[in-house]
Amino acid sequence: MAAPKQTVWALEPHTAAKHAILARYLSAWLPILSQGGFPKLAYIDAFSGPGSYSGGEDGSPVIALKAMLDHKASIRAQCYFDFVERVPDRAVALRSAVEETQNLLGKPSNAHIEVHQSTFEEAYAKIGPRLKAAGTIPTFAFIDPFGWTGLPFSIVEELLRRPSTEVFINFMFEEINRFLDHPEQIGNFDKLFGCSDWRTCAQKSGLDRNKCVRDLYARKLGESASYVRYFEMRNKANATDYFLFFATNSLLGLKKMKEAMWKVDQGGAFSFSDATDPNQMTIFANEPNFGQLKKQILDNFRGAQASVGQIEEFVLTKTAFRETHFKRQILVNGEGQDFEVIKSKPDRRKGTYPDGTILRFFG
């Protein structure tokens with residue numbers, strides 16, 4: 001999507017899906033961390049927009065504030081919201097939307113909100129030192145630009161190196177791909193990727209370029225985050241529009257993000273896909289492709305022993321699927337055919353796999 005010229009614009013289907021993921025994730029993230037004893041939480045919304053769309057739908061800053069409203073009785077932490085919007089008229093509209101939402105929230109004393117009418121880099125020059133001074137403050141950064149400028153990897157890297165920080169990035173592949181070999185954009189792409197390796201990608205074409213760009217950005221994120229997942233958004237022409245990158249050092253965070261991804265109604269206009277296995281494409285839908293998941297599990301564990309916990313971690317970190325998917329079909333239907341149980345509780349019933357169960361997969 002090209003950057004709109006007007007103050008407020010129509011909500012597009014792929015943006016609605018992206019926001020649905022954000023809403024679901026924050027509705028889990030805020031109460032979990034608050035109840036976990038953290039006294040402060042931080043949410044950063046870069047490239048915030050005006051706060052609402054022409055049809056009255058909520059923008060991402062309002063979605064974040066309402067996620068707090070949904071759980072305000074259980075969120076005792078001091079919550080710091082930083083919303084960044086460079087365009088003056090949109091920043092004015094954003095402040096109005098935030099004020100209206102604050103009134104809806106009842107202006108809770110533990111919600112601290114600042115709207116920055118500036119670039120992301122300028123705003124982060126203020127936000128970064130404040131986070132550092134606060135010590136360990138769990139932070140979620142939603143970074144949603146229209147293009148590729150104003151998003152230096154140095155900021156992403158600094159965020160991820162802080163304890164308990166996660167980033168959710170809209171990586172605008174279609175626009176990046178069109179300008180990747182433009183001589184006037186060399187400096188901008190050096191900043192976006194945090195290196196010059198993208199120049200190798202610019203020499204490729206088609207799917208090879210797609211994979212090169214995607215894998216490079218994932219690798220850069222992985223230098224600072226333990227878990228990196230990317231989800232491809234494809235348009236009606238089945239071409240890659242953009243990637244949603246999620247990076248975290250928390251296995252629970254990864255678990256909750258996958259849960260949010262699988263529960264989003266895609267509306268038919270765009271579809272999520274996950275190319276974890278370069279030979280297959282997982283389309284996120286209401287019913288998982290259990291055949292694909294079974295193949296991935298058997299290919300990885302064939303001839304080996306593994307605990308149920310090890311299988312769960314493999315599914316969670318190395319596949320597109322949720323950790324809940326493998327027990328429902330793969331294990332229940334595979335016992336005696338694909339594997340045998342060699343250690344478990346004495347009273348275990350066939351078809352159940354309590355913690356500590358160890359399986360041996362047939363070769």
Side-chain angles (χ1 to χ4, degrees), residues 11-36 41-46 57-71 74-75 79 81 138-144 159-160 164-171 218 221 225-234 241-276 282-289 293 312-313 315-326 328:
L11 177 66
E12 295 197 352
H14 68 283
T15 302
K18 181 171 53 185
H19 284 176
I21 297 169
L22 180 68
R24 286 184 178 275
Y25 187 78
L26 290 179
S27 290
W29 185 80
L30 283 164
I32 285 174
L33 289 172
S34 180
Q35 293 166 20
L41 305 176
Y43 172 81
I44 301 170
D45 194 311
E57 302 91 346
D58 293 335
S60 54
V62 174
I63 288 170
L65 292 175
K66 287 185 175 179
M68 184 181 184
L69 172 65
D70 289 343
H71 300 279
S74 60
I75 297 176
C79 299
F81 297 90
T139 302
F140 185 91
F142 178 50
I143 304 172
D144 189 19
L159 279 167
L160 285 173
S164 304
T165 296
E166 301 173 339
V167 298
F168 188 38
I169 300 173
N170 179 11
F171 187 83
L221 290 171
S226 300
Y227 309 108
V228 176
R229 299 299 304 163
Y230 55 81
F231 303 93
E232 185 175 1
M233 296 290 283
R234 302 176 71 85
D241 193 15
Y242 61 86
F243 291 98
L244 296 175
F245 280 95
F246 177 67
T248 180
N249 287 301
S250 166
L251 201 59
L252 179 59
L254 178 62
K255 189 177 294 188
K256 291 299 179 181
M257 178 56 74
K258 279 195 167 184
E259 180 181 335
M261 290 292 300
W262 277 95
K263 287 186 176 180
V264 167
D265 178 7
Q266 298 157 51
F270 277 65
S271 51
F272 296 113
S273 60
D274 183 298
T276 304
T282 298
I283 302 299
F284 284 76
N286 291 329
E287 185 67 15
N289 183 339
L293 176 57
E312 178 177 309
E313 184 170 348
V315 172
L316 183 61
T317 62
K318 302 298 183 183
T319 80
F321 298 89
R322 291 186 60 193
E323 79 288 352
T324 56
H325 290 151
F326 79 99
R328 287 172 50 190

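At least one side-chain heavy atom of Y242 sits under 4.5 Å from a side-chain heavy atom of K18. Counting only heavy atoms from C-beta outward, the side chains of K258 and T319 approach each other to under 4.5 Å. Within the 4.5 Å cutoff, no side-chain heavy atoms of L244 are placed close to those of F246. Using a 4.5 Å heavy-atom cutoff, the side chains of L26 and M68 are not in contact. Contact check for L22 versus F140: side-chain heavy atoms found under the 4.5 Å cut-off. Counting heavy atoms from C-beta outward, H71 and L30 have side chains that stay 4.5 Å or more apart. For the pair R24 and K263, the minimum side-chain heavy-atom distance is below 4.5 Å.
Remark: F326 pairs with no residue by the ring pair (Phe, Tyr, Trp, His ring centres under 6.0 Å) rule, at least two apart or across chains. Residues satisfying the salt bridge (Lys or Arg N to Asp or Glu O under 4.0 Å) test with E312, not counting sequence neighbours, are K255. With sequence neighbours excluded, the residues that form a side chain to side chain contact (heavy atoms under 4.5 Å, CB included) with A28 are I32, K256. Under the ring pair (Phe, Tyr, Trp, His ring centres under 6.0 Å) criterion, F142 pairs with F168, sequence neighbours left out. By the salt bridge (Lys or Arg N to Asp or Glu O under 4.0 Å) test, E313 is found to be paired with no residue, residues two or more places apart in sequence or in another chain being considered.
One finds the CG atom of L221 at 15.5 Å from the OH atom of Y227 (value rounded to the nearest 0.5 Å). Here M233 contributes atom CE and F243 contributes atom CZ; the two are 11.5 Å apart, rounded to the nearest 0.5 Å. In this structure, CD1 in I44 is found 12.0 Å from CZ in F81, a value given to the nearest 0.5 Å. In this structure, the separation between OG1 on T15 and CG on D144 is 7.0 Å, given to the nearest 0.5 Å. Here the straight-line distance linking atom OG of S27 with atom CD1 of I63 works out to 10.0 Å at 0.5 Å rounding. Atom CE of M257 is separated from atom CH2 of W262 by 15.0 Å, given to the nearest 0.5 angstrom.
Ring centroid separation for the pair F171 and Y230 does not come in under the 6.0 Å cut-off.
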Less than 3.5 Å apart, which donor and acceptor atoms pair up between the side chains of residues 247-254 and the rest of the protein, not counting sequence neighbours?
unit_1	atom_1	unit_2	atom_2	d
T248	OG1	E166	OE2	2.8
T248	OG1	S250	N	2.9
N249	OD1	S226	N	2.7
N249	OD1	S226	OG	2.9
S250	OG	L252	N	3.3
S250	OG	G253	N	2.9

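The nearest pair of heavy atoms linking P61 to D45 is N-OD2, 3.5 Å. When all heavy atoms of L159 and A141 are compared, the closest pair comes out as CD1-CB, 3.9 Å. A pairwise comparison of heavy atoms in Y43 and S60 identifies OH-O, 4.0 Å as the closest pair.
Ring orientation note: the planes of H325 and F321 are nearly perpendicular, at an angle over 60° on the 30°/60° scale.
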